[in-house]
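For reference, the structure is listed below as structure tokens.
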Amino acid sequence: MPLPWTFSRLVGRRVTLDPLRPDDLEPLFAMQSDPEVCRYLLYEPRSREKVEEVLARDAGAILLEKPGDYLQPVIRDEHGAFAGTLYLELKSVDDRAAEIGWILLPSAQGHGYAAEAASLLLDFCFDQLELHRVYAELDPRNTASVALCLRLGMRHEGHFVEDMFLKGEWTDTGRYAILDREWSQRRSASPVA
Ligand SMILES: CC(C)(COP(=O)(O)OP(=O)(O)OC[C@H]1O[C@@H](n2cnc3c(N)ncnc32)[C@H](O)[C@@H]1OP(=O)(O)O)[C@@H](O)C(=O)NCCC(=O)NCCS
């Protein structure tokens, strides 16, 4: 893998991915404090102070070098407006594996922005970073996220029963994944975005 890698910007047909900026505070706060958006996330709706703290930390998360390093790029729509964020965490260098995640503002959902943004990031993962496997973990009740995994061609690889005590209840985890060769076959057959 060509590490260390400093993330700057990815440009798609409609969406652009670039690092968080200080002026993303308002939409980031609106998104991360929304109970519906947070329903299946690992965290509870966040206060403004918490989002300020997270923004200061994540705006600097642009270097991938070792397991645990992550990117949190902003998805900007065709007008340059904040639509949401993606997450990419390097899980293993030896096994060339990473975890991907996505969150959109409610107003940006239902337009295909997450699918286009995730496709751009998967292109980056496999073409630039030379990853072998990218996976997503989710609450199986999160049907929008399950649909996105399937739209991207990710395979359902596992369902872990009550493996997490989260927000006052035992919660299942679903795992979806795609390999480099599967992504490139899919890309040559039908570009997602
Ligand atoms: C998961 C999440 C990102 C999915 O967002 P989304 O907008 O449904 O995802 P996509 O980008 O794939 O868009 C698909 C939808 O856009 C519609 N769409 C409209 N125009 C489109 C276009 N040009 N291209 C593709 N899809 C389009 C599709 O028909 C589909 O709508 P449907 O669900 O009513 O069938 C979103 O629900 C979310 O942010 N949830 C809260 C946070 C969360 O739970 N994150 C995941 C944690 S694991």
Side-chain angles (χ1 to χ4, degrees), residues 10-17 20 24 26-46 50-51 54-55 58 70-89 91 97-125 133-178 183 186-187 189-193:
L10 296 173
V11 180
R13 192 172 57 81
R14 291 183 303 168
V15 306
T16 301
L17 307 182
L20 276 162
D24 291 320
E26 290 310 324
L28 189 69
F29 172 56
M31 189 173 81
Q32 295 192 347
S33 64
D34 185 314
E36 263 310 299
V37 169
C38 295
R39 181 160 174 220
Y40 296 118
L41 301 184
L42 295 178
Y43 54 82
E44 297 284 2
R46 286 174 168 164
K50 180 66 187 175
V51 176
V54 161
L55 175 59
D58 291 345
Y70 65 91
L71 309 174
Q72 186 114 237
V74 174
I75 306 168
R76 301 190 198 280
D77 68 15
E78 59 270 60
H79 310 295
F82 180 108
T85 55
L86 288 179
Y87 180 73
L88 184 76
E89 181 178 338
K91 288 294 187 178
E99 180 175 0
I100 191 170
W102 32 67
I103 313 178
L104 291 181
L105 275 170
S107 57
Q109 295 176 18
H111 299 283
Y113 290 140
E116 185 181 327
S119 296
L120 259 183
L121 195 61
L122 287 172
D123 281 343
F124 166 73
C125 286
R133 158 182 284 269
V134 176
Y135 68 86
E137 288 191 338
L138 47 73
D139 185 321
R141 293 172 297 182
N142 191 348
T143 52
S145 197
V146 168
L148 176 52
C149 288
L150 298 175
R151 191 169 288 125
L152 293 167
M154 299 176 89
R155 175 182 41 257
H156 183 215
E157 293 199 324
H159 183 116
F160 301 90
V161 178
E162 296 189 9
D163 66 332
M164 235 187 324
F165 191 76
L166 188 65
K167 302 182 179 178
E169 60 177 349
W170 286 108
T171 306
D172 295 359
T173 298
R175 193 193 255 237
Y176 292 76
I178 191 159
W183 183 250
R186 190 175 173 80
R187 279 312 226 172
S190 66
V192 180

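We count ligands from 1, going down the list as the structure has it; atoms in each ligand are counted the same way.
Residues forming a ring pair (Phe, Tyr, Trp, His ring centres under 6.0 Å) with Tyr87 (at least two apart in sequence, or on another chain): Tyr70. Under the ring pair (Phe, Tyr, Trp, His ring centres under 6.0 Å) criterion, Tyr135 pairs with no residue at all, not counting sequence neighbours.
One N or O on the side chain of Glu116 and one on the backbone of Arg13 form a donor-acceptor pair closer than 3.5 Å. A donor-acceptor pair is defined here as one N or O able to donate and one able to accept, closer than 3.5 Å; such a pair exists between the side chain of Gln109 and the backbone of Leu104.
Evaluation of the salt bridge (Lys or Arg N to Asp or Glu O under 4.0 Å) test over residues 161-172, restricted to residues two or more places apart or in two chains, returns Arg141-Glu169.
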Contact table, ligand 1 N/O with protein N/O, distance under 3.5 Å:
from     : atom 1 : to     : atom 2 : distance (Å)
ligand 1 : 7 (O)  : Gly110 : N      : 2.8
ligand 1 : 11 (O) : Tyr113 : N      : 3.3
ligand 1 : 11 (O) : Ala114 : N      : 2.8
ligand 1 : 11 (O) : Ala115 : N      : 2.9
ligand 1 : 12 (O) : Arg151 : NH1    : 2.5
ligand 1 : 13 (O) : Gly112 : N      : 3.2
ligand 1 : 16 (O) : Gly110 : O      : 3.2
ligand 1 : 16 (O) : His111 : N      : 3.3
ligand 1 : 16 (O) : Gly112 : N      : 3.2
ligand 1 : 18 (N) : Gly110 : O      : 3.4
ligand 1 : 20 (N) : His111 : O      : 3.4
ligand 1 : 39 (O) : Leu104 : N      : 2.8
ligand 1 : 39 (O) : Gln109 : NE2    : 3.3
ligand 1 : 44 (O) : Asn142 : ND2    : 2.8
ligand 1 : 45 (N) : Trp102 : O      : 2.8

Legend entry - Ile100 and Met154: CA distance, side-chain angles, deciding distance, side chain to side chain contact (heavy atoms under 4.5 Å, CB included) verdict: CA-CA 11 Å; Ile100 191 170; Met154 299 176 89; 4.2 Å; yes
